[in-house]
Amino acid sequence: MSKSTRWDSKENESKQLPIYRHKAKLVQAVKDSTFLVVTGETGSGKTTQLPQYLHEAGICKNGKIGITQPRRVAAITVAQRVAQEMQCTLGREVGYQVRFDDCTSQDTVVKYMTDGCLLREVLADPVLSQYSVVILDEVHERSLSTDILLGLLKKVLMDPANATKGRSFPLKVVVMSATLEADKLSAFLSNCPVFAIPGRTFPVTCTFGTAVGPKDTESTGYVKEVVKMALDVHTSEMAGDILVFLTGQSEIERACDLLYEKAETIDYRYDVQDQTVEGLLILPLYGSMPTDQQRQIFQPPPSGIRKCVVATNIAATSLTISGIKYIIDSGFVKQLNHNSRVGMDILEVVPISKSEAQQRAGRAGRTSAGKCFRIYTKEFWEKSMPEYTVPEIQRTSLTAVVLTLKCLGVHDVIRFPYLDCPEERFILGALKQLYQFDAIDRRGKVTRLGELMVEFPLHPGLTRALLKAASLGCEDLLLPVAAMLSVENIFIRPGHPEKQKEADKKHRALAAKSGGTNDFATLLSVFQLCKSSDRPSAWCKDHWIHWRALKSAFSVEIQLKDILHRLQQKRDFPVEKFDGNKSELFRRCLCTGYFTNVARRSVGKVFCTMDGNGSMVHIHPSSSLFDEEVELNWIIFHDVLVTSRVYIRTVCPIRYDWVKDLLPKLHEVDAYELSSVARQEVTDEEMIKWETREAAKRQPEVSTEDIMKKLEKRNDETAVSDARARYLQRKQQRQQNKAL
DNA sequence: GAGCACTGC
């Protein structure tokens, strides 16, 4: 086939897309208004075609067309396809930019990118002077970055003073979403026009089951039910692959084991409805699985064999498997929720939303009509499942977001135009933490340190520790640690008990090599050992270390180092001196970033946090401090894991002296007082009043009683009663100790 | 004495 005919067929293909008939009207609609909402289900062609139409219409003579995607792979693959359709080399007229991979050039006019990348660009150029059109795609997914971009663009463009500032021509914004959220988006963007494009998907019939009722919101019995249903489908439905949705790795492995076991007993002569079906291929799928094993999922099964993929939510949006005709939906998902009261992120299993259930069902109708079997009852659907998934911005810690906004000149972070407002206490919590890290001052203004911090793609605490290390000239200790802590868990723990023992032994040995009492030091040593190894991937395999994760830690470390060196070129980068040994230096730097996560020994392996909540936490058995006998009274920790207990992982022993001056800062500013700072409504009088109160409150050592008083003032009943219960418990314990 | 979904900069 010659090149031109191949392209002709591509062109015909794109002419058959539902969007093609609306080409002229769509281009006109973009020209006519500042904001435009475009809706269309998957398969309408909006992502690949609209940028081409706008390019053809000459809209990019002033500047680029930028299209955001919530995921890297989407940005890359769509750019590849569009470059092919436009017959140009990828990276020239059509390009993409994602973290660690910039495939654009001077000529690039159609630029696909991740939403996070565009947000970074806004930080450097708030009016996006390089762009003539910005298209936000997949807005219904409500990713954190997309939500922030939406608010920023609204704020910039709705204010006529901003619209022309720094720009010589107007910016157009197109917001693309699935049908459901269209009206809400239009209303948000001052009732801008909505352009609806019909989709091109096949019908999926859904049925409800009997296994999970509204009272079973926390049961895990659904694994068995899901397996039963999968076998039922396999034996009674016509040929076509099955996709099962569960919540996590261990659950998936359990389900697969059960399926193998039961599938063996099937007699294909009598048990199976469709006689062309002669076997079942069972495949697990989850994010931390090795990539080559993931690839297997996409290969079509041998003739006569039905494929059954048992997956996490990764199969809902990130990966598309062709040939799926049947969906089995457990109705649950694992979700990370921020709890502002205890200041912790907790990963929990929760019922999915109705819109998410529809999204899952839709995975069966990509190539032909399909069926979706929900194992939960209609009553569960009505009573336990919310209409929509709570957007990320209402579920996560906002510390980094608030700093970003403040650096963009948005001082009033409470009345910022959010599509859905986060709870005020989430914002106040973020402000409090930024203040504790010296990123903002008492009036809520970004400090010099805050300006440096915003440059790093890290959690603010980690950034704080890194900057401290840099000012002391020991950044080489912290850069790898920061990189290791910002990628997925690098320690592999297999399911089988024998291998588990072996992996644990290797991990313990690695910890021992770095002293055996500091998990952060272990991370540093793993990073260094692997990096200096001749065959790093083999080294990882031998030590039960996740090679893919470590590889990305290597890239992150390089990126962080680049950012740091760039900032150090500037004149006023802080420089300090320190006399002491390396281990102390290392741990002191960590303290600067983790003094919000200090805990003191209570009894045995139980520690008590010092953040005002006084929560009881346990050292996780994976920590090298778990079976350490040495006297540890004070520790800092990286994160919390709530399972059968409240566990802290990645732990490091410290001395009270190192944090004693920092600790009062934890109680110095109550979130309530910061609320006025957040709004920038403080008058001088208020400020003086506040300062006086603060001065009165400042005491050499913070006692539990003080924390109690503060909590009571907050009028947060649960917090108070929880804290009181804990306080009484501790008091009792002290008395018992005294008696002994 | 162990249970981490998924993205993204």
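Below, each value reflects all heavy atoms present in this structure, side chains not excepted, and no hydrogens, waters or symmetry copies. Every chain is numbered from 1 and lettered A, B, ... according to where its sequence line falls, protein lines coming before strand lines.
Among pairs with a residue in residues 478-490 of chain A, those fulfilling salt bridge (Lys or Arg N to Asp or Glu O under 4.0 Å) read A:Glu488-A:Arg548, at least two apart in sequence or across chains.
At a threshold of 4.0 angstrom between heavy atoms, the contacts of A:Asn489 include nucleobase atoms, whether or not backbone atoms are also involved. Within the 4.0 angstrom heavy-atom criterion, no nucleotide atom of any strand lies near A:Leu144. Contact annotation for A:Glu488: no contact, since no heavy-atom pair falls under 4.0 Å across all strands. Among the protein residues, A:Asp504 comes within range of the nucleic acid bases, having at least one heavy atom under 4.0 Å from a base atom. In this structure, A:Phe456 reaches neither bases nor backbone, as no heavy-atom distance under 4.0 Å exists between it and the strands shown. Within the nucleic acid shown, A:Thr247 comes within 4.0 Å of sugar-phosphate atoms alone, with no base atom in reach, counting heavy atoms only.
In the set B:dA5, B:dC9, B:dA2, the nucleotide with an atom closest to the side chain of A:Pro621 is B:dA2. Listed candidates were B:dG3, B:dC6, B:dA5. Nearest to the side chain of A:Ile314 is B:dC6. For A:Arg508, whose side chain is taken as the heavy atoms from C-beta onward, the closest listed nucleotide among B:dG1, B:dA2, B:dG3 is B:dG1. The side chain of A:Arg72 lies closest to B:dC9 when the candidates are B:dA2, B:dC6, B:dC9. Nearest to the side-chain atoms of A:Glu392 among the listed nucleotides B:dA2, B:dT7, B:dC9 stands B:dT7. In this structure, the nucleotide among B:dG8, B:dA2, B:dA5 sitting nearest to the side chain of A:Thr114 is B:dG8. For A:Arg645, the listed nucleotide lying nearest its side chain is B:dG1; candidates were B:dA5, B:dC9, B:dG1. The A:Arg71 side chain lies nearest to B:dT7 when the options are B:dA5, B:dT7, B:dA2. Nearest nucleotide to the A:Cys117 side chain, out of B:dG1, B:dG3, B:dC9: B:dC9. In this structure, the nucleotide among B:dC9, B:dT7, B:dA5 sitting nearest to the side chain of A:Ser318 is B:dT7.
Taking atom CZ on A:Phe332 and atom C1' on B:dC6, their separation rounds to 18 Å, with Å as the unit. For the pair A:Asp562 CG and B:dC9 P, the computed distance is 16 Å after rounding to whole Å. Computed from coordinates, the A:Leu123 CG to B:dG8 P distance equals 20 Å when rounded to whole Å. The interatomic distance linking A:His507 (NE2) with B:dG1 (C1') rounds to 17 Å, in whole Å. For the pair A:Leu564 CG and B:dC9 P, the interatomic distance rounds to 20 Å; values are reported in whole Å. The CD atom of A:Glu138 sits 13 Å away from the P atom of B:dG8 (whole-angstrom rounding). The nearest whole Å value for the distance from the CE atom in A:Met289 to the P atom in B:dC6 is 10 Å. As rounded to whole Å, 11 Å separates atom P of B:dA2 from atom CG of A:Leu641.
When each of A:Leu319 and A:His620 is assigned the nucleotide of DNA chain B with its nearest heavy atom, A:His620 is the one assigned upstream, toward the 5' end. Positionally, the nearest nucleotide of DNA chain B for A:Arg493 lies more toward the 5' end than for the other of A:Gly248 and A:Arg493.
With respect to the salt-bridge test (charged N to carboxylate O, under 4.0 angstrom), the residues A:Glu451 and A:Arg448 qualify.
Judged by a 6.0 Å distance limit and a 45° cone about the ring axis, A:Lys354 is not positioned over the six-membered ring of A:Tyr388.
Using the six-membered ring where Trp is involved, A:Phe380 and A:Tyr376 have ring planes that are tilted, between 30° and 60° apart.
Here the straight-line distance linking atom CG of A:Leu467 with atom CD of A:Glu475 works out to 10.0 Å at 0.5 Å rounding.
The environment of A:His459 atom NE2 is sparse: at most 12 non-hydrogen atoms of other residues, nucleotides or ligands sit within 6.0 angstrom.
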